[in-house]
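Side-chain atoms are counted along with the backbone in the values below, which use heavy atoms only and exclude waters and symmetry mates.
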Amino acid sequence: MINSDKGRRKPFISDVARELLGRLHAGERASRGEPGLDELLALGLASWGTSAGTYIATDARTAERSYTQRVARDIRAAMRSAEAMAALADELTAMTNTPGASGVCVLDDVDDVVVEIGRATTAATKCMLTAHPRIRSQETLDLAWETDRALREKGLTFRTIYLDNARSRQPEAEYVARMTAIGGEIRTALPPFERMVIVDERVVFLTDHHGDPARIPALMVTHPSLVTTFVHVFNQQWDRAEPWNGEPRATDSLTTPRSRRMLRRLAENKNIKAIAGELDVSPSTLYADLKGLYAATGTTSEFGLGMWWATSEQARQEREKDR
């Protein structure tokens with residue numbers, strides 16, 4: 001068994017991977033599928049031994065150097081991204097301070113936002129691209145239907161992205177079914193994604209995160225270069241999203257074999273750490289699964305998720321199989 005030295009920093013590995021690493025350094029060999037092997041390979045702590053025809057332990061110092069170099073590259077890349085974001089923030093700030101010339105106008109409250117979006121959509125001739133990472137009420141959807149239908153009747157391309165959990169809500173499902181029936185295109189995506197309205201690829205409305213959230217402020221962007229950038233962002237979100245015609249979600253499309261097993265174990269009052277050990281994955285992997293399930297089902301806690309699972313069709317089918 002290999003023990004870590006006090007005070008020495010090293011990559012975190014699971015108990016399963018640590019036990020396998022100890023055996024490899026003791027001269028044993030590992031085959032593909034061995035629990036913990038993928039983790040060791042990802043960290044460079046194990047490699048394919050050509051002469052041995054199996055997986056063997058990598059020299060510890062060689063693995064350390066390779067890992068350190070990879071982390072250093074990641075840090076440099078992250079720093080470059082942070083510097084680019086800071087430069088963009090400075091540019092946007094400067095533009096906002098001179099709205100007449102910048103192509104960025106601050107709309108301080110929701111009434112101003114509604115007026116400007118109305119003006120833009122009235123003059124629209126090409127397309128309407130929108131992303132809504134929030135639940136939309138029945139009243140909002142009824143108003144949107146009248147406006148959006150009129151845009152489609154004018155021949156505009158219409159694309160909208162909703163939260164993935166909208167598939168579980170009747171108001172959004174009915175709206176989407178009506179819109180897709182007249183040629184609108186709707187997709188859903190897991191959060192996070194930015195709320196935006198793009199009209200004719202010439203004006204963009206974005207949430208103003210700097211303003212007072214209670215007033216629901218927005219930024220109206222007309223600067224051509226910035227508009228092109230935000231259209232690109234929308235298209236990236238669109239490409240990652242899944243098409244939806246308003247049809248009900250099938251339970252088995254929400255879950256995977258691993259997540260269903262996790263849900264069954266949670267129902268048995270097992271904790272995430274214990275379940276992760278049973279499934280031979282890290283707890284962080286299961287927490288990521290939970291986050292996706294929360295977003296997809298509209299729940300916010302393990303209890304709420306358990307209630308959803310207990311009443312789901314997939315769970316009923318599995319109970320039938322066990323009888």
Co-membership, hydrophobic cluster, residues V233 and F193, 4.5 Å side-chain: yes

Pairwise side-chain contact, Y175 with D142, heavy-atom cut-off 4.5 Å (strictly under): no

4.5 Å side-chain heavy-atom contact, L107 and F205: yes

Expected output: side-chain R152 to main-chain I182 donor-acceptor under 3.5 Å: yes

In one Ile/Leu/Val/Met/Phe/Trp/Tyr side-chain cluster, 4.5 Å: L151, V203: yes

Side-chain heavy-atom pair L43, I13 within 4.5 angstrom cut-off: yes

CG on D59 to NE2 on H25, rounded to 0.5 Å: 8.0 Å

Any donor-acceptor N/O pair, E194 side chain to L206 backbone, under 3.5 Å: no

Side chains of T229 and L88 in contact at under 4.5 Å (non-hydrogen atoms): no

R65 side-chain N/O to A63 backbone N/O, donor-acceptor pair under 3.5 Å: no

Distance in Å, Y162 OH paired with T130 OG1, rounded so as to fall on 0.5 Å steps: 6.5 Å

Of all pairs that satisfy side-chain hydrogen bond (donor to acceptor under 3.5 Å, both in side chains), the ones with a partner from residues 72-82, not counting sequence neighbours: none

Stepwise side chain to side chain contact (heavy atoms under 4.5 Å, CB included) check, I272 with L266: CA-CA 8 Å; I272 289 294; L266 286 174; 4.2 Å; yes

A214 backbone acceptor or donor facing D212 side chain under 3.5 Å: yes

Linked, directly or transitively: L226 and M85 (ILVMFWY side chains, under 4.5 Å): no

Heavy-atom pair with the smallest gap, counting every atom of E242 and R167: O-NH2, 3.1 Å

Heavy-atom check, side chain of R178 versus side chain of E174, under 4.5 Å: no

Any donor-acceptor N/O pair, E116 side chain to M220 backbone, under 3.5 Å: no

Heavy-atom donor-acceptor pair, R187 side chain to W238 backbone, under 3.5 Å: yes

Salt-bridge criterion met for D38 and R32 (N-O under 4.0 Å): yes

Contact summary for V199 and A124, nearest pair of heavy atoms: CG1-CB, 3.6 Å

E268, CD: over 12 other non-hydrogen atoms inside 6.0 angstrom: yes

Verify same cluster id: V106, V115 (apolar side-chain graph, 4.5 Å): no

Set of salt bridge (Lys or Arg N to Asp or Glu O under 4.0 Å) partners for D200, sequence neighbours left out: R202

Which atom of P217 lies closest to which atom of V113, heavy atoms considered: C-CG2, 4.4 Å

Value rounded to 0.5 Å, distance of CZ in F230 from CG in N235: 13.5 Å

Nearest-0.5 Å distance, OG1 of residue T157 to CE of residue M128: 12.5 Å

Min side-chain heavy-atom separation E172-H132 under 4.5 Å: no

Heavy-atom closest contact (N245 atom, T180 atom, distance): O-OG1, 3.5 Å

Evaluation steps, side chain to side chain contact (heavy atoms under 4.5 Å, CB included), between L41 and Y55: CA-CA 9 Å; L41 291 173; Y55 291 95; 3.9 Å; yes

Enclosure of K154 NZ (heavy-atom neighbours >12, cutoff 6.0 Å): yes

Distance-minimising heavy-atom pair for I161 and A241: CG2-CB, 4.5 Å

Sequence-distant partners of E185, salt bridge (Lys or Arg N to Asp or Glu O under 4.0 Å), two or more places apart: R159

For the student: nearest non-hydrogen atoms of L293 and S259, plus distance: CD1-CB, 4.1 Å

Step-by-step side chain to side chain contact (heavy atoms under 4.5 Å, CB included) determination, I186 to F158: CA-CA 8 Å; I186 314 293; F158 186 91; 4.3 Å; yes

Salt-bridge contact E34-R23 (side-chain N to carboxylate O under 4.0 Å): yes

L37 CG to S31 OG distance, which is reported to the nearest 0.5 Å: 9.0 Å

Name of the residue among D112, D111, D109, D108 meeting salt bridge (Lys or Arg N to Asp or Glu O under 4.0 Å) with R215: D109

R260 vs W309 side-chain heavy atoms within contact, under 4.5 Å: yes

Hydrophobic cluster identity match, V71 and L45, side-chain contacts under 4.5 Å: yes

Any donor-acceptor N/O pair, Y294 side chain to E302 backbone, under 3.5 Å: yes

Under 3.5 Å: donor-acceptor pair, side chain of E139, backbone of S137: no

Reported CZ-to-CG distance for the pair R265 and N271, which is rounded to 0.5 angstrom: 13.0 Å

Side chain to side chain, D148 and M179, heavy atoms closer than 4.5 Å: yes

Evaluation steps, side chain to side chain contact (heavy atoms under 4.5 Å, CB included), between L290 and M262: CA-CA 9 Å; L290 278 175; M262 176 182 67; 3.9 Å; yes

